[in-house]
J.: 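Below: one structure in structure tokens.
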Amino acid sequence: MLDARDFELLAAIQLGLPISPRPYRDIGLALGMTETEVIARLTVLKRIGLIKRLGVIVKHRQLGYRANAMIVWNIPDAFVKEIGRRISQAPFVTLCYQRPRTLEWPYNLYCMIHGKDRDTVLQQLEQLGADCNLDRFDRQILFSRRCFKQRGALYRTPEPAAPAELAHG
């Protein structure tokens, strides 16, 4: 059963953790909890499935990574897990996953390469193709044209403003 402290904690983390060597301590200080209590409550919220995962959202464009490519392959099902495992080991591949094919989209293996320039990404892709013998499979290279909003889960919507506050503002 959630209590008011859990709701305060969810509201505190939904916009991101503080950039700090001890973010849970800092959240606890703001909420009047100890670091241990914050971690224990988050652990329970994760265990009951209210929090699916805690992770990092890297804003690549702000870090200078503007040549970001999603590469998709149509890999025979018998090889997709092994090839996906090999692709994910490349140091420049930031993610790799399998998705089901559709009638309109025959690709089932996806990987992302974030790069600072297009030529470097294409060279890395060429290396990946040679290392994993990927040239025999149909593929598409999809360079990002724009950055979509990146954020974590929202657990609690802000309280609506009181009518008097709305009148002034």
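Basis for what follows: all heavy atoms, side chains included, without hydrogens, waters or symmetry-related copies.
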J.: Would you mind listing every salt bridge (charged side-chain N to carboxylate O under 4.0 Å, His left out) that reaches into residues 97-112, with sequence neighbours excluded?
T.: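 Every salt bridge (charged side-chain N to carboxylate O under 4.0 Å, His left out) pair that includes a residue of residues 97-112, provided the two are not neighbours, is Asp77-Arg101.
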J.: Would you say Ile48 and Val38 are hydrophobically clustered, going by side-chain heavy atoms of ILVMFWY under 4.5 Å?
T.: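 Yes, one cluster joins them.
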J.: Using a 3.5 Å distance criterion without hydrogens, assess whether the side chain of Asp26 forms a donor-acceptor pair with backbone atoms of Pro18.
T.: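 No: the side chain of Asp26 does not pair with the backbone of Pro18.
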J.: Quick one, Lys59 with Leu63, criterion side chain to side chain contact (heavy atoms under 4.5 Å, CB included). Give me CA distance, side-chain angles, the key distance, then yes/no.
T.: CA-CA 7 Å; Lys59 299 191 177 192; Leu63 296 172; over 6 Å; no
J.: Report yes if the side chains of Leu2 and Leu50 come closer than 4.5 Å at any heavy-atom pair, otherwise no.
T.: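 When only atoms from C-beta onward are counted, Leu50 and Leu2 do touch, with a gap below 4.5 Å.
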J.: For the residue pair Arg139 and Ile141, establish whether any side-chain heavy-atom pair is separated by less than 4.5 Å.
T.: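 Yes, at least one pair of side-chain atoms sits under 4.5 Å.
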J.: Would a single hydrophobic cluster contain both Leu10 and Leu29, if residues Ile, Leu, Val, Met, Phe, Trp and Tyr are joined by side-chain heavy-atom contacts under 4.5 Å?
T.: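 In one cluster: no.
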J.: What's the separation between atom SG in Cys111 and atom CH2 in Trp73, rounded to the nearest 0.5 Å?
T.: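 If we round to the nearest 0.5 Å, Cys111:SG and Trp73:CH2 are 4.0 Å apart.
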J.: Does Leu42 reach the side chain of Tyr24, with side-chain heavy atoms less than 4.5 Å apart?
T.: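 In short, these two side chains touch, coming nearer than 4.5 Å.
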J.: Does CD1 in Ile19 sit with more than 12 non-hydrogen atoms of other residues, nucleotides or ligands closer than 6.0 Å?
T.: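 Not buried by this count: 12 neighbours or fewer within 6.0 Å.
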J.: Give the cluster check for Leu109 versus Phe143: same hydrophobic cluster or not, with ILVMFWY residues linked at side-chain heavy-atom distances below 4.5 Å.
T.: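 Result: yes, single cluster for both.
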J.: Can you sort out the partners of Leu31 under side-chain contact (heavy atoms from CB on, under 4.5 Å), two or more places apart, ordered by chain and number?
T.: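 Partners of Leu31 by the side-chain contact (heavy atoms from CB on, under 4.5 Å) criterion, ordered by chain and then number, come out as Glu8, Leu9, Ala12, Ile27, Met33.
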J.: At their closest point, which heavy atom of Arg61 faces which heavy atom of Arg145, and how far apart are they?
T.: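 It is NH2-C, 3.8 Å.
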J.: Is there a path from Met70 to Ile75 through hydrophobic residues (I, L, V, M, F, W, Y) whose side chains come within less than 4.5 Å of each other?
T.: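 No.
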J.: Closest heavy-atom contact between Cys96 and Gly84?
T.: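 In this case the closest contact between Cys96 and Gly84 is SG-O, 3.6 Å.
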J.: Hey, could you give me the CG/CD1 distance between Leu45 and Ile51, rounded to the nearest 0.5 Å?
T.: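 If I round to the nearest 0.5 Å, the distance is 4.5 Å.
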J.: Would you find a donor on one side and an acceptor on the other, under 3.5 Å apart, between the side chain of Ser20 and the backbone of Arg22?
T.: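 Yes: the side chain of Ser20 pairs with the backbone of Arg22.
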J.: Are Ile113 and Thr120 close enough that some pair of their side-chain heavy atoms sits under 4.5 Å apart?
T.: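 No, every pair of side-chain atoms sits at 4.5 Å or beyond.
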J.: Evaluate Ile87 against Tyr110 for side chain to side chain contact (heavy atoms under 4.5 Å, CB included), listing each step before the verdict.
T.: CA-CA 10 Å; Ile87 289 173; Tyr110 295 65; over 6 Å; no
J.: On a heavy-atom basis, which atom in Tyr107 and which in Asn74 lie closest, and how many Å separate them?
T.: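 For Tyr107 and Asn74, the tightest heavy-atom pair comes out as CD2-N, 3.6 Å.
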J.: To the nearest 0.5 Å, tell me how far Ile83 CD1 sits from Gln98 CD.
T.: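 Separation between the atoms: 11.0 Å.
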J.: Determine the minimum heavy-atom distance between Asn68 and Tyr65, stating which atoms define it.
T.: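 Smallest heavy-atom distance, with atoms named: ND2-O, 3.0 Å.
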J.: Do you reckon Leu142 sits in the same ILVMFWY cluster as Tyr97, going by side-chain contacts under 4.5 Å, direct or chained?
T.: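 The answer is yes; both residues are in one hydrophobic cluster.
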J.: Cut-off 3.5 Å, no hydrogens considered: what does the side-chain donor-acceptor table look like for residues 123-134, sequence neighbours left out?
T.:
| unit_1 | atom_1 | unit_2 | atom_2 | d |
| --- | --- | --- | --- | --- |
| Gln127 | NE2 | Asp131 | OD2 | 3.4 |

J.: Quick one: side-chain contact (heavy atoms from CB on, under 4.5 Å) partners of Pro76, sequence neighbours excluded?
T.: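 Partners of Pro76 by the side-chain contact (heavy atoms from CB on, under 4.5 Å) criterion, ordered by chain and then number, come out as Phe79, Phe137.
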J.: Any side-chain heavy atom of Asn108 within less than 4.5 Å of one from Val80?
T.: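 Yes; the side chains approach each other to less than 4.5 Å.
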J.: Return the minimal non-hydrogen interatomic distance between Val121 and Ala67, and the atom names on each side.
T.: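 Closest pair (atom of Val121, atom of Ala67, distance): CG2-O, 3.1 Å.
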J.: State the CZ-OG distance between Arg66 and Ser144, to the nearest 0.5 angstrom.
T.: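 Taking CZ in Arg66 and OG in Ser144, the distance rounds to 11.5 Å.
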J.: Is there side-chain contact between Ile13 and Leu17, with heavy atoms separated by less than 4.5 Å?
T.: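 Side chain of Ile13 against side chain of Leu17, heavy atoms only: contact under 4.5 Å found.
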J.: Test: salt bridge (charged side-chain N to carboxylate O under 4.0 Å, His left out). Region: residues 39-56. Which pairs qualify, not counting sequence neighbours?
T.: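 Sorted pair list: Asp3-Arg41, Asp6-Arg41, Glu37-Arg41.
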J.: What pairs with Thr94 under side-chain hydrogen bond (donor to acceptor under 3.5 Å, both in side chains), at least two apart in sequence or on another chain?
T.: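 Residues passing side-chain hydrogen bond (donor to acceptor under 3.5 Å, both in side chains) with Thr94: His114.
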